[in-house]
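Report on one structure; see the data block that follows.
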2 protein chains.
Amino acid sequence: MASKEKKDARDGNSAKTTRRETILRLIASERIATQNELSRRLEEEGFPVTQATISRDIRELRLVKTAGNGGYYYEVGKPSEKYHAPHKFYSLYQAMVRTVDYAQNLVVIHSDTGMAQAVCAAMDSMDWPGVLGTIAGDDTVLVVTRDEGCAAELVQSLREIQAGR
Amino acid sequence: MASKEKKDARDGNSAKTTRRETILRLIASERIATQNELSRRLEEEGFPVTQATISRDIRELRLVKTAGNGGYYYEVGKPSEKYHAPHKFYSLYQAMVRTVDYAQNLVVIHSDTGMAQAVCAAMDSMDWPGVLGTIAGDDTVLVVTRDEGCAAELVQSLREIQAGR
DNA sequence: GCTATTCCGGTATAATTATACATTTTCTCC
DNA sequence: GGAGAAAATGTATAATTATACCGGAATAGC
């Protein structure tokens with residue numbers, strides 16, 4: 001089996017993870033109507049997988065097929081239900097967040113791929129002081145605070161949560 | 001045909017409309033996993049229709065089937081539609097934007113959930129002076145301006161629009 | 001009232017998706 | 001490194017969903 005190039009797989013950068021990142025990118029930029037269509041595109045991107053695997057990916061990424069302009073296509077589902085229980089945020093946060101940092105009045109949170117929306121929604125529900133707003137991509141949440149002091153405080157709080165209190 | 005009780009149909013309160021209202025109520029309160037299941041529940045509610053009709057209802061109501069806790073079920077989808085007509089910006093903006101604020105050289109716009117992309121696209125199409133770029137999440141648009149002065153001007157303009165001019 | 005037109009919805013079926021099962025790959029613990 | 005466990009994925013197929021086609025009811029125009 002010397003031909004297999006599965007050299008990653010260490011830090012969470014498995015084939016599955018990168019494939020799912022690709023899926024998210026594809027459905028964000030193209031109108032993908034069926035899983036077979038997605039399968040074809042994925043193969044072009046270097047991920048030869050069957051429809052069955054894609055069905056499982058779609059379930060776990062919480063993607064949805066919705067009726068848009070002239071036909072159905074896939075897109076990311078609603079980020080999450082609103083969490084209003086602070087203790088839920090902590091476990092969510094600990095499970096998904098990888099790194100936290102800030103520069104000036106911006107806090108950047110890196111999460112597991114596809115989880116940023118959920119982290120973002122949880123953050124929003126906490127109504128943190130000094131936070132003007134949050135934006136989530138696939139694996140990054142950007143938090144805009146009023147000033148650098150607020151950012152520093154927020155980062156400290158988040159790191160305490162991350163460390164398990 | 002005196003046996004037919006189609007007494008509504010006047011003001012938009014057709015059988016179809018009330019059936020769809022019922023569908024929305026059902027999926028909001030129960031975990032409906034398949035269209036056949038929904039068909040059964042609808043029949044109990046007094047709407048004997050086939051799966052085909054439900055499929056059409058689901059398409060037009062923009063419902064989605066998503067993977068939740070232990071299985072798939074239906075729920076309402078995101079309302080997002082992309083408008084690209086600049087002159088529509090004002091009404092779009094007034095309809096969707098909730099708050100506007102800025103810190104340093106960043107303007108943060110909060111919109112209705114799922115509308116940030118549309119607001120962002122509309123913003124882009126306006127080619128505002130001093131705006132370096134925009135990023136949209138689900139309910140937040142971040143606008144990066146050249147400096148704080150530009151941000152302040154932009155916020156003032158946006159608030160005037162918000163106030164109806 | 002009569003005809004044309006549009007809308008609605010059923011039937012049957014094609015298209016699509018989910019999954020049981022088997023196989024391979026990866027991980028874990030010695 | 002090897003045995004066993006767990007995760008991942010393909011195969012084949014069952015389950016589910018979308019739609020072409022058609023008929024009947026409502027609506028509009030005359």
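Being a predicted model, the structure only gives us computed values, none of them experimental. Any value given below was found using the heavy atoms of this structure, including those in side chains, with hydrogens, waters and symmetry copies removed. Here is how names work: the chains are called A, B, and so on, in the same order as the sequence lines, proteins then strands, and each is numbered from 1.
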Atom-to-atom span, CZ of F47(A) to C1' of dG10(D) - whole angstrom: 18 Å
Distance in Å, H110(B) NE2 paired with D101(B) CG, rounded so as to fall on 0.5 Å steps: 8.5 Å
Derivation of the side chain to side chain donor-acceptor pair (under 3.5 Å) call for Y74(B) and Q35(B): CA-CA 9 Å; Y74(B) 282 99; Q35(B) 295 180 5; 3.3 Å; yes
R19(A) vs dT9(D): side-chain N/O to OP1/OP2 distance below 4.0 Å: yes
Close side-chain approach of Q51(B) and S39(B), heavy atoms under 4.5 Å: no
Distance in angstrom units between K16(A) NZ and dT9(D) C1', rounded: 10 Å
Base-contact (B) and sugar-phosphate-only (S) positions in nucleotides 10-19 of chain C, heavy-atom cut-off under 4.0 Å, - elsewhere: BB----SBBB
N-O pairing of E45(B) and R19(B) below 4.0 Å: no
Separation of atom CG in D57(B) from atom P in dC7(C), rounded to whole Å: 16 Å
Pair L42(A)-I23(A), side chain to side chain contact (heavy atoms under 4.5 Å, CB included): steps then yes or no: CA-CA 7 Å; L42(A) 276 177; I23(A) 289 175; 3.8 Å; yes
Salt bridge flag under 4.0 Å for residues E44(B) and R41(B): yes
